[in-house]
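All residue numbers in this chain count up from 1 along the given sequence.
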Amino acid sequence: MELETRLFSLTVDLTKKLIDGIDPLQFALQNAPGMNPPAWIVGHLTVVADMGCALVGATSELGDDWRQRFAPGSTPTSNLADYPSPADLVARFDDACARLLAAVASADPARLASPQSTPFFRKALPTIGDLTAHILTTHPMFHNGQLSAWRRLNGYGSVQRI
């Protein structure tokens, strides 16, 4: 999973650029009903990275309160008080991503080749390695697209510089 971990590192850097400079008071702003605000997106990416740790055999470190608030299927809100502070979200995000990279680097290849038992994309991603590759690549980029759209809707500029 060398390529996937390199891409994940690039993606994490992009996520941090996308949230950098956002007014902390706007972190829960939903431009449309049900739209994912930055606070939920960062929390969700954090929880999924933590879930990825457990998936590959490492320890999950986030509590039930984080999973209930940010796990797949959770409902974002526009109430800023429903979320940890932006600084706490970013710190937890950094920690979960670093733990995931370390966990994948030391994952047992036999475990990665074994069937995954979650309900997420079981048919398309049948092994733990397949689901882990999704967690490292396509999943965070999907949500980075949401962050990018949110930025544009709220007057923040592009973070892409070629």
For the pair Val47 and Leu62, evaluate side chain to side chain contact (heavy atoms under 4.5 Å, CB included) and give the outcome as yes or no after the intermediate values.
CA-CA 7 Å; Val47 164; Leu62 294 177; 4.0 Å; yes

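- The residues Arg92 and Asp88 are annotated as salt-bridged, a charged nitrogen and a carboxylate oxygen being separated by less than 4.0 angstrom.
- Within the 4.5 Å cutoff, the side chain of Leu18 has no heavy atoms near those of the Trp150 side chain.
- Leu80 CG to Leu29 CG: the interatomic distance, rounded to the nearest 0.5 Å, is 10.0 Å.
- Note on Met35: it clusters hydrophobically with Ile19, by side-chain heavy-atom contacts below 4.5 Å among ILVMFWY residues.
- Separation of atoms CD (Gln68) and OG1 (Thr75) is listed at 12.0 Å; rounding is to 0.5 Å.
- Between Pro38 and Leu147, the closest side-chain pair of non-hydrogen atoms falls below 4.5 Å.
- Under the 4.5 Å side-chain criterion, counting only non-hydrogen atoms from C-beta, Val48 is not in contact with Phe70.
- No side-chain heavy atom of Pro37 sits under 4.5 Å from any side-chain heavy atom of Gln26.
- Considering all non-hydrogen atoms of both residues, Ala49 and Cys97 come closest at CB-N, 4.3 Å.
- Residue Phe93 comes nearest to Val42 through the heavy atom pair CB-CG1, 3.9 Å, listed as atom of the first residue, atom of the second, then distance.
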Where do Thr132 and Met1 land on the side chain to side chain contact (heavy atoms under 4.5 Å, CB included) test, with the steps shown first?
CA-CA 9 Å; Thr132 302; Met1 296 211 144; 3.8 Å; yes

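- Salt-bridge annotation for Asp64 and Arg67: present, with a side-chain N of the basic residue lying under 4.0 Å from a carboxylate O of the acidic one.
- Note on Val159 and Leu153: same hydrophobic cluster, where clusters join Ile, Leu, Val, Met, Phe, Trp and Tyr whose side-chain heavy atoms are under 4.5 Å apart, directly or indirectly.
- Side-chain N or O atoms of Asn144 include none that pairs as donor or acceptor with a backbone N or O of Met141 at under 3.5 Å.
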Trace of the side chain to side chain contact (heavy atoms under 4.5 Å, CB included) decision for Leu101 with Ser9
CA-CA 8 Å; Leu101 284 170; Ser9 293; 3.6 Å; yes

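- In this structure a side-chain-to-backbone donor-acceptor pair under 3.5 Å is missing from Asn154 to Tyr156.
- Contact annotation: the side chain of Val12 approaches that of Lys16 to within less than 4.5 Å [non-hydrogen atoms, C-beta and beyond].
- The minimum heavy-atom distance between Leu100 and Gly52, with the atom names listed, is CD1-C, 3.6 Å.
- Remark: the backbone N or O of Ile128 is not paired with any side-chain donor or acceptor of Arg111 at under 3.5 angstrom.
- Looking at Glu4, its side chain never comes within 3.5 Å of a backbone N or O of Leu136 through a donor-acceptor pair.
- Nearest heavy atom pair, residue Cys53 against residue Ala103, reads CA-CB, 4.3 Å.
- In this structure, Gln116 contributes its side chain and Leu131 its backbone to no donor-acceptor pair below 3.5 Å.
- The heavy-atom pair separating Pro126 from Lys123 by the smallest distance is CD-O, 3.9 Å.
- For the pair Met51 and Ile135, the minimum side-chain heavy-atom distance is 4.5 Å or more.
- Thr15 contributes a side-chain N or O that, together with a main-chain N or O of Thr11, makes up a donor-acceptor pair within less than 3.5 Å.
- Hydrophobic clustering of Ile, Leu, Val, Met, Phe, Trp and Tyr side chains at less than 4.5 Å, counting indirect connections, keeps Leu14 apart from Leu3.
- Contact detail for Asn36 and Gln146: the closest heavy-atom pair is ND2-OE1, 3.1 Å.
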Evaluate the side chain to side chain contact (heavy atoms under 4.5 Å, CB included) criterion for residues Ser114 and Thr127: first the C-alpha distance (whole Å), next the side-chain angles of each, then the deciding distance (0.1 Å), finally the verdict.
CA-CA 5 Å; Ser114 65; Thr127 69; over 6 Å; no

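- Within the 3.5 Å criterion, the main-chain N or O of Thr77 finds a donor-acceptor partner in the side chain of Tyr83.
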Please step through side-chain hydrogen bond (donor to acceptor under 3.5 Å, both in side chains) for the pair Ser74 and Trp40, ending with a clear verdict.
CA-CA 9 Å; Ser74 64; Trp40 185 88; 3.0 Å; yes

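- In this structure the side chain of Ser158 reaches within 4.5 angstrom of the side chain of Arg152, judged on heavy atoms.
- Arg99 meets the salt bridge (charged side-chain N to carboxylate O under 4.0 Å, His left out) test with Asp50, Glu61, Asp95; sequence neighbours excluded.
- For the atom pair His139 NE2 and Phe8 CZ, the distance stands at 10.5 Å (nearest 0.5 Å).
- Note that the CG atom of Asp20 and the CG atom of Asp13 stand 12.0 Å from one another [nearest 0.5 Å].
- At distances below 3.5 Å, not a single donor-acceptor pair connects side-chain atoms of His143 with backbone N or O atoms of Ile41.
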